[in-house]
Amino acid sequence: MKKFWNEEFETLPLEKMREFQGQKLRETVQWLYDRVPFYRKKLDEKGVAPGDIRSIDDISKLPFTVKNDLRDNYPFGLCAVEMKDLVRVHASSGTTGKPITGPYTADDLAQWAHCMARELWAQGVRSDDIVQNAYGMGLFTGGLGFYLGAQELQCCLVPTGSGMTERQIMLMQDFGSTVLFSTPSYALTIVEKAEKIGVDLRKLPVRIGCFGAEPWTVEMRKEIEERMGIAAHEAYGLTEMMGPGVGFSCEAYRLHLNEDHVYPEIVDPTTLEPVPLGEKGELVFTALQRRAMPLLRYRTRDITSLRRVACECGRSLVVMDKILGRSDDMLIISGVNVFPSQIESIIMEFEEAEPQYQLRVFKKGHLDAMRVELEAKPEVYGRGADAVQDLANRIAARIQGVVGINAPVEVLPAGTIARSEGKAKRVIDERK
Ligand code: DLL
């Protein structure tokens, strides 16, 4: 039984990997210099010629790319190929204005399928699986990206898309789905609905979940695993780099990056200097093999760290820690940096709390303040108002102790917090 989808690259020794990355970087820089005026100008300004890129270490000579560069060149200004050579365009909406486009050549699409196949294989998906794809199908890369992977493995794909949760559960029962693809928050919505209508998902054939597209804590993973009776795996990616397929968790639940396709760096978001392995900073990616719109040193805004680990799964691919949050989601409450995921971890420590929460950010004088809203398990409400208030007080005290901020906690009536069908909205900004 083969252990890896692509043994050569998934287990390539570091030195060989770096050699390969260097060669691909050189090709990509030349490709962009010859075809994309934006990059030619940027490289000229830095005084860097494609020939100066001799090894992967030379990446530090290259300019960064930021989200605004994509917006300014919307929709296809950064494309390195003609429109006739594109076979697909995805896009991500973001919060404001024009979307970010993700164009693919036929070869880019094949690479994407390959990266997705590595992921699904590592997570235990096989050709006899019935996979229910509940990621949004459309411009979002989740649905069609996972479709490509499932196709590559020749699974039986059920493209439900997200939403219509009762129907998801019915199909899961009727078709005997063995794998679920969705965001973690939507998986939780499915669990909750199933419990409500009296369906025990743990008794169904579903055994693997491939969840991603938003931050979630280890505690949240365990909760979903227990309530669904599955192994909950992780997918990481972004539209600008292909979509899902950038990183995937293995049997040891470590998230490996496909670093032969996307070269990762961690930099200090203010100085843009690289930080040492294991230290937190902003994740930056360079596309090494793409042709339609490869980006150089793209600042993702995601905050995490990288590690070189002798992983028991046998992969040598670099390991990425959980995404703590995005630098633009980072809240500064009474001078303390707070990521929603830190609050999630604390809430999940409390058995009486549901894993449903929202952070409301508002102005208190000149400073930002935050209120935490969550729901309690039904039995807590049964114990009366004092029990509900007591839970709120204990969570607030724990947040004070761990994060060091004074944030009021409100336990809302069951079902008040909007349930997610895609990416959950955790922060409600009332500052404007
Ligand atoms: O979310 C691609 C994707 C689809 C990944 C399905 C995994 C599964 P975008 O919509 O462009 O692409 O959003 C990218 O989502 O920069 C992170 O902030 C966040 N994100 C994605 N995966 C994870 C994850 C898709 N596993 C942005 N953990 C990224 C934390 C994640 N954040």
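Model, not experiment: these values are computed from the prediction. When a ligand or atom number is given, it counts from 1 through the structure's own listing order.
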Quiz item: Looking only at heavy atoms of Arg301, does any of them come nearer than 4.0 Å to an atom of ligand 1?
Solution: no
Self-check item: Ionic contact status for Lys423 with Glu214, cut-off 4.0 Å
Solution: no
Practice problem: Below 4.0 angstrom from a heavy atom of Leu238, which ligand 1 atoms are there? Numbered from 1 as shown, please. | Solution: 11 (O), 12 (O), 14 (C)
Quiz prompt | Among Cys210, Pro215, Gly142, closest by any non-hydrogen atom to atom 30 (C) of ligand 1 | solution = Pro215
Quiz item: Which is closest to atom 14 (C) of ligand 1 by heavy-atom distance: Ser92, Gly237, Ala213, Gly325?
Solution: Gly237
Quiz item: What protein heavy atom is closest to atom 28 (N) of ligand 1, reported as residue, atom name and distance in Å?
Solution: Glu214 O, 3.2 Å
Practice problem: Any atoms of ligand 1 less than 4.0 Å from a non-hydrogen atom of Tyr135? List them with their elements. | Solution: 6 (C), 8 (C)
Exercise. Would you mind checking if Glu45 and Lys41 are paired as a salt bridge, meaning a charged N to carboxylate O distance below 4.0 Å?
Key: yes
Quiz item: Under 4.0 Å between a Lys/Arg side-chain N and an Asp/Glu carboxylate O for Glu373 and Arg371?
Solution: yes
Practice problem: Please determine if Arg291 and Asp85 form a salt bridge, counting it only when a charged side-chain N lies under 4.0 Å from a carboxylate O. | Solution: no
Exercise. May I ask you to identify the nearest protein heavy atom to atom 29 (C) of ligand 1, giving residue, atom name and distance to one decimal place in Å?
Key: Asp302 OD2, 3.2 Å
For residues 237-244, which side-chain donor-acceptor pairs fall under 3.5 Å, sequence neighbours excluded?
{"residue": "Glu240", "atom": "OE2", "partner": "Tyr298", "partner atom": "OH", "Å": "2.7"}

Self-check item: Heteroatom distance test (Thr239, ligand 1): nitrogen or oxygen, under 3.5 angstrom
Solution: yes
Quiz item: Judging by distance only, is a nitrogen or oxygen of Ala235 under 3.5 angstrom from one on ligand 1?
Solution: yes
Practice problem: Taking atom types as modelled, find out whether Thr105 and Asp107 have a side-chain donor-acceptor pair closer than 3.5 angstrom. | Solution: no
Quiz item: Hey, which atoms in ligand 1 end up nearer than 4.0 Å to a heavy atom of Glu234?
Solution: 24 (C), 26 (N), 28 (N)
Exercise. Nearest heavy atom to atom 23 (C) of ligand 1 wins, so pick from Tyr236, Tyr298, Phe140.
Key: Tyr236
Quiz item: Do Lys3 and Glu7 sit within salt-bridge range, that is, some charged N less than 4.0 Å from a carboxylate O?
Solution: no
Quiz item: For ligand 1, which atoms, with element, lie under 4.0 Å from some heavy atom of Arg326?
Solution: 16 (O), 18 (O)
Quiz item: Between Lys423 and ligand 1, does any nitrogen or oxygen pair lie at a separation below 3.5 Å?
Solution: yes
Quiz item: When only distance counts, is Trp216 in polar contact with ligand 1, meaning an N/O pair under 3.5 Å?
Solution: no
Quiz item: Taking the six-membered ring where the residue is Trp, are the ring centres of Phe9 and Phe20 under 6.0 Å apart?
Solution: yes
Exercise. Return each pair, listed once, that meets salt bridge (Lys or Arg N to Asp or Glu O under 4.0 Å) where at least one residue sits in residues 144-173; pairs must be two or more places apart or across chains.
Key: none
Practice problem: Heavy-atom contacts with Thr141 under 4.0 Å: which atoms of ligand 1 show up? List them by number with element. | Solution: 2 (C), 12 (O)
Quiz item: Can you name the one residue among Tyr104, Tyr147, Phe146 that meets ring pair (Phe, Tyr, Trp, His ring centres under 6.0 Å) with Trp112?
Solution: Tyr104
